[in-house]
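Comments concern the structure below.
For reference, positions follow the sequence shown, starting with 1.
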Amino acid sequence: MKDLKHLSYFEDLLQDANNELVIQARGEGKKCVAYVCENTPEPLLNLEGCFSARLRAPRTSSMEMATYYLTSFLCEYSRALLERAMEGGFNFADCLIAPDGCSMINRCVENMELLHTMDQGKENFFYENMEIPMKADDNGLNLYVLQCKNHILKPLQEKFGIDVSDAAIRKSVAEHNRVCELIRAIGEFRKGDKPTITGYEFSVITLATYAAPKYLIMDKLEETLEELKTREPDEKSPFRARVVIVGSEIDDPEFIKLVESTGAFVCADRYCYGSFPGRDPIQLTEDKDALTQICRQYMYRGQCPRYMDQAKMLGRRAYVNQLAKEYNADGIIYEQVKFCDPWAYERMVGSHVLHDDYGYQVLSIDRPYNVSGVGQLRTRVQAFIESLEIKKIQGGAK
């Protein structure tokens, strides 16, 4: 297929957390609100006068110093973030907001604060740690709303003078929804027998919406959508099987590239930093305040294994099954970053349930945060894709 016009631009944005659009937005006087977890409602971080940046540590190599503080038993994502923070790689942030998504990210952010990795010389810098629900119900919603008020809206208003009114929140939701609608529309081109966008390309574009100010990439998202409407697919597809990738943080599209290099087409993405459900538009009505509606939708649509009630646990597997059917997947890759406790349990149970109860072939893997040069991982994925291809040739069920 012909190269997408803006793909290299999006790729360049992902090479550094402090990318050119982050620099541009800060140069315009906007405050950078850094965050580390999908359980932090994005629209509240993108109110007029500020913008969000979800922290990543691209091109990570050594994590020796972070391992000293966090030990080798904590997940590589949390250690990579702390290492990068200690290196000064997140000095562009004006504040950091983190929910207690897991004990490991709590330890990471705690050490960032204790070591003053981002706040030196910044009078109004603040760290905020939110408590978020573990069960989706009315009590959980009340907690969520209160935490967002106290740990997001209140400090943004007091420290930076940000307008946190209901009208301001609704305006931010409108911008958020436009990005979500564009990503959803772009993702639809993965559905056909001859898709006109690869999983790698889609992952790069989606990740850019987390890593860069949304208002500065809106035009390129719109141009990309129009470009895809007339893009001609390859006459002969290089892909032998279609897979859904499910699991923990994937903030490096090189993992998707590795999977697709084995002959798989990544047709759907149910992982942290992906589009499902992170790029679901937020529906607002006039009869309720915007904050409560945002929190309700984040809580009930969330697929994080932090939610431990029975309905949520069963719903996570049903959600993956729904995606696999909608995107005509042949198999599922369940992944987690090494030593990630919440996704380790979810991967173990979920991979068995999706195989035994839903009938899918499932590859269950734990992987390093930095996947470059991982030959053993490539071999495992390649063997899985070959098994899917053989199953298709034999006409077997999923």
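- Within a 6.0 Å sphere centred on CG of D219, heavy atoms belonging to other residues, nucleotides or ligands number more than 12.
- Within the structure, ring-ring contact (aromatic ring centres under 6.0 Å, His included) contacts touching residues 235-254 (residues at least two apart or in different chains) are F239-F265.
- Taking R59 as the reference, Q15, D16 meet the side-chain contact (heavy atoms from CB on, under 4.5 Å) condition, with sequence neighbours excluded.
- The closest side-chain donor-acceptor pair between S261 and R378 falls under 3.5 angstrom.
- Using bins of under 30°, 30° to 60° and over 60° for the plane-to-plane angle, the ring pair Y319/F276 lands in the perpendicular bin.
- Around atom CG of D138, no more than 12 heavy atoms belonging to other residues, nucleotides or ligands sit under 6.0 Å away.
- Because its NZ or CZ atom is not both nearer than 6.0 Å to the ring centre of F126 and within 45° of the ring axis, K159 does not count as a cation-pi partner of that residue.
- Judged purely by atom type and a 3.5 angstrom limit, R316 uses its side chain to pair as donor or acceptor with the backbone of C304.
- Cation-pi geometry between K30 and F51 is not satisfied (NZ or CZ under 6.0 Å from the ring centre, within 45° of the ring normal).
- Hydrophobic clustering of Ile, Leu, Val, Met, Phe, Trp and Tyr side chains at less than 4.5 Å, counting indirect connections, unites M65 with V109.
- Among residues two or more places apart in sequence or in another chain, the ring-ring contact (aromatic ring centres under 6.0 Å, His included) test is passed with F189 by none.
- A cation-pi geometry, defined here as NZ or CZ lying under 6.0 Å from the six-membered ring centre and within 45° of its normal, does not hold between R270 and Y334.
- With sequence neighbours excluded, no residue satisfies salt bridge (Lys or Arg N to Asp or Glu O under 4.0 Å) with R296.
- The environment of K288 atom NZ is sparse: at most 12 non-hydrogen atoms of other residues, nucleotides or ligands sit within 6.0 angstrom.
- Of the possible donor and acceptor atoms, one in the side chain of D137 sits under 3.5 Å from a partner among the backbone N and O of N139.
- Scored by the ring-ring contact (aromatic ring centres under 6.0 Å, His included) test, Y68 finds no partners at all (sequence neighbours excluded).
- When atom types are taken as modelled, the side chain of R347 and the backbone of A344 share no donor-acceptor pair closer than 3.5 angstrom.
- Ring geometry for Y369 versus Y77: interplanar angle of 30 to 60°, hence tilted.
- With sequence neighbours excluded, no residue satisfies salt bridge (Lys or Arg N to Asp or Glu O under 4.0 Å) with E11.
- Applying the ring-ring contact (aromatic ring centres under 6.0 Å, His included) test to Y69 and every residue at least two apart in sequence or in another chain returns nothing.
- Checked against side-chain contact (heavy atoms from CB on, under 4.5 Å), R107 has the following partners two or more places apart in sequence or in another chain: L70, L74, E110, N111.
- Legend: salt bridge (Lys or Arg N to Asp or Glu O under 4.0 Å) pairs involving residues 117-134, not counting sequence neighbours: none detected.
- Ring centroid separation for the pair F125 and Y127 comes in under the 6.0 Å cut-off.
- Using a 4.5 Å cut-off between side-chain heavy atoms of Ile, Leu, Val, Met, Phe, Trp and Tyr, M308 falls into a hydrophobic cluster with M134.
- Looking at residues two or more places apart in sequence or on another chain, you find a salt bridge (Lys or Arg N to Asp or Glu O under 4.0 Å) between K171 and E48.
- The ring-ring contact (aromatic ring centres under 6.0 Å, His included) search around Y307 returns none, not counting sequence neighbours.
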